[in-house]
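Every chain is numbered from 1, with letters handed out A, B, ... down the list of sequences. Values below: all heavy atoms of this structure, side chains included; hydrogens, waters and symmetry mates excluded. Not measured: the values here are computed from a predicted model.
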Amino acid sequence: MSKEHPTKAVRVAIQRPLYKLLDYACDVDIQPKPGCRVKVSLGNSVITGIIVETDVESEFATLKPIIELIDESPVIDEKLMGLLHWSSSYYFHPLGEVLFHALPVDLRKGKSVPKVEIWNATSAGLELPKDELKRAPKQQAMLDYVIQKDGADANNLKQLLGDNWRNTSRELIKKELIAIEEIDPQKLTAPATHVFSVNPPHQLTEEQQQCLTDIDAHFNEPKLRPILLHGITGSGKTEVYLSVIAPILKAKKQVLVLIPEIGLTPQLLSRFRQYFPDSNIDCLHSGLADGERTRVWLGAKTGSIDIVIGTRSAVFTPLLNPGMILIDEEHDASFKQQEGFLYQGRDMAIKRAHDLGIPILLGSATPSLESLYNVEKERYHYLRLNNRPGASNPPDIALQDIRTLPLDAGISSLMMTDIRQHLDNNNQVMLFLNRRGFAPVLMCQDCGWHAVCSHCDMGMTYHASMGKVICHHCGYEERVKSTCPDCNSTKLTTQGQGTERIEEVLNTHFPETPVIRIDRDSTSRKGSLEEKLELVNSGEPVILIGTQMLTKGHDFPKLTLVGILDVDQALFSMDYRAHERLAQQVLQVAGRAGRGAAKGKVILQTSQPQHPMLLSLLSQGYANTAQQILNERKLWNYPPLGCQALVRVNALDLQLAHNFISTLGADLAAINSEKVMLLGPMPSPLARRAKRYRFQLLISAEKRGDLHGFLHSVLSIISKIRKTGGVRWVIDVDPVDFL
DNA sequence: AGCACGCCGACT
DNA sequence: GTCGGCGTGCTC
């Protein structure tokens, strides 16, 4: 199209898998800014878009007009827009979807940004006689607070009064002692100066103090680098975090804290609230209602929230005065988003901190090889905490050769004796088994039939408590009948064990001791995890059985024995990351033991007591073992040395999926680049999942630039292949999961 | 992703 | 003759 009639236009991103932006005409009387949302027409429907660029010369002669400008000021500020742009191109994901991903659901749907509500005392409230609210202490507290602060917002009040604060507010409004004023967030002045104080729980140890001094020094270097804090389990990383954060808050800046998705939010939140009693602290996690999410988003954006604690997606929270970013358990796999927009939250955070010029601290007892490699390359500072405060020492891990021991449901007789002993000493015991359900195999003794998922072609796990077999890959479930579906035999039996079966066996062995199972099945009801944790925290002798839910962050002082039941399959996994993950998991679980006065003991059952990785982990510790694994990766140029991307294709029809990936594979092979290596196309390790046939193609390169360039070719080839029969494809940059 | 358009088989 | 299946391509 010609450029003879250039049009003043804006460029808009929409929430569609579309690798381009659309131009719209803009009325002269509206003032579009990048980052503002608009309503536009697309085809015959009206959708929400986000302005990316203004004053563009469109190559289209005629443009549809913008229907409405939703925001006067941007919902995505310039800095955040830059980060999102960057991640869109780094992860080869359409910009529109990336931008919308960074907004709370309400705003994605086009709802206007809510007004900020400010609670003020009315004149009646200001003049209220002293004892009038004597029988309503909460109302009195709220009224006093609002008067003292000269206007409080929802975040202040929630913090002051807890989750039911709206009820208190409603009563005071009914009595006309307090009124709500609605303010346009754009017209909000700088956040009300708030009192800052710290409530230190106890002194830092000498080692923690030294660490803090080092961090402060690094934060003040002209060229900021991320800091990796490698502190053994129980070394008090949280105490260091709190001390690091304090001066940032004191300077009236905000702190973003990212944590894994394992329900640790409440513990950390209360720890932070206790330490910073006058700061506004809020969480962002998957369990939040849409409205609540928007409230926290707005609170962070307007500066009324000082600390945002959140999981992966919180990395995109807007901040008025960003002061620093903290990532706890930085090695955790849940920082990688596994569907839709496939990004690494930890890497995004590092990029964001860099762009903002603010410090970032990564903490872990078992740092990822990626981070350790960055230390080696001197891109990160490295600090260590090697000791547990007080008398407590890290537990020793003992390997137990189970080949010669009698087993009951996978628990050795020696382990049973140890459990008995620790319980008799009034202590608590924890067993770790990363497999939920009763048994991974349900089979017929007569004909060899076993339960297989009809959607995935993989074995289904038997869940005795529900009387079902469940596919752990797609969730498909079936009721279990008393006879074999193939031969009608009644000799159905199970093989192997999951947490349910362990629970049952322990209940019969230790009928007088409560057995607490913590896995996704036993904690799905809201509040049930809290109930169970409370029982453990009572300090009574109990046996805990859990999956990886139980591995991180928990502090059970009476826990002295940890048993790790089944690590053998991870030792021989095809996945080159299996050893790294196993080492992390073993140390994280082991770290739950001996956090109180009594020394902890950890027993690791294995049929491979000579395995070099296990021996190394036990005798040389994590840092050395990680270094060895890293050296192996160097030999093969696996990440974090080289870099990878995975193209995944799936379809309901095997042939269609196969045709697609073969065409792509052939076209890419024809490029014959020396800089990249192709592995595949091949069936995915999980070749069928949820009725869809799956193939993949792994692309490796030594240099990121080469990989990136090659992925452009991938994208352009894919766009030329005709996609029939609903073939779906994704590009996964820096994949962590090859399933 | 939606959605319309268009080209072929099978139905009142 | 037309209804509707899905393959194809576009959305400013």
What protein N or O atoms touch nucleotides 10-12 of chain C N or O atoms at under 3.5 angstrom, if any, and at what distances?
unit_1	atom_1	unit_2	atom_2	d
C:dC12	OP1	A:Tyr24	OH	3.4
C:dC12	OP1	A:Ser41	O	3.1
C:dC12	OP2	A:Gly43	N	3.4
C:dC12	OP2	A:Lys64	NZ	2.9
C:dC12	O3'	A:Asp23	O	2.6
C:dC12	O3'	A:Lys64	N	2.9
C:dC12	O2	A:Asp23	N	2.5
C:dC12	N4	A:Lys20	NZ	3.3

Side chains of residues 450-459 of chain A: which donor-acceptor pairs under 3.5 Å do they make with residues two or more places apart or in other chains?
unit_1	atom_1	unit_2	atom_2	d
A:Asp457	OD1	A:Arg688	NE	3.4
A:Asp457	OD1	A:Arg688	NH2	3.2
A:Asp457	OD2	A:Arg688	NE	3.1

**OP:** Please examine the side chains of A:Gln254 and A:Ile358, heavy atoms only from C-beta on, and report whether any two atoms are closer than 4.5 Å.
**Re:** no
Original post:
Any luck finding a side-chain donor-acceptor pair between A:His285 and A:Thr265 under 3.5 Å?
Top reply: no
Original post:
Do A:Arg295 and A:Asp282 meet the salt-bridge criterion of a basic N to acidic O distance under 4.0 Å?
Top reply: yes
Original post:
Does A:Thr48 offer a backbone N or O that forms a donor-acceptor pair with the side chain of A:Arg108 under 3.5 Å?
Top reply: no
**OP:** Measure the distance from CZ on A:Phe341 to C1' on B:dA1 and round it to the nearest whole Å.
**Re:** 18 Å
**OP:** State whether a side-chain donor-acceptor pair under 3.5 Å links A:His93 with A:Tyr343.
**Re:** no
Identify all side-chain donor-acceptor contacts of residues 662-670 of chain A below 3.5 Å with residues at least two apart in sequence or on another chain.
unit_1	atom_1	unit_2	atom_2	d
A:Ser662	OG	A:His658	O	2.5
A:Thr663	OG1	A:Asn659	O	2.7

Subject >> Salt bridge flag under 4.0 Å for residues A:Glu117 and A:Arg166 >> reply: yes
Original post:
How are the rings of A:Tyr90 and A:Trp86 set to each other: parallel, tilted or perpendicular (split at 30° and 60°)?
Top reply: parallel
Original post:
Rounded to the Å, how far apart are A:Lys720 NZ and C:dT8 P?
Top reply: 17 Å
Subject >> Listed partners of A:His85 passing ring-ring contact (aromatic ring centres under 6.0 Å, His included), at least two apart >> reply: none
Using the 3.5 Å cut-off, write out each protein N or O paired with an N or O of nucleotides 3-9 of chain B and the distance between them.
unit_1	atom_1	unit_2	atom_2	d
B:dA4	OP1	A:Asn44	ND2	3.1

Original post:
Looking at residues 102-111 of chain A, who's got a heavy atom less than 4.0 Å off DNA chain B?
Top reply: none
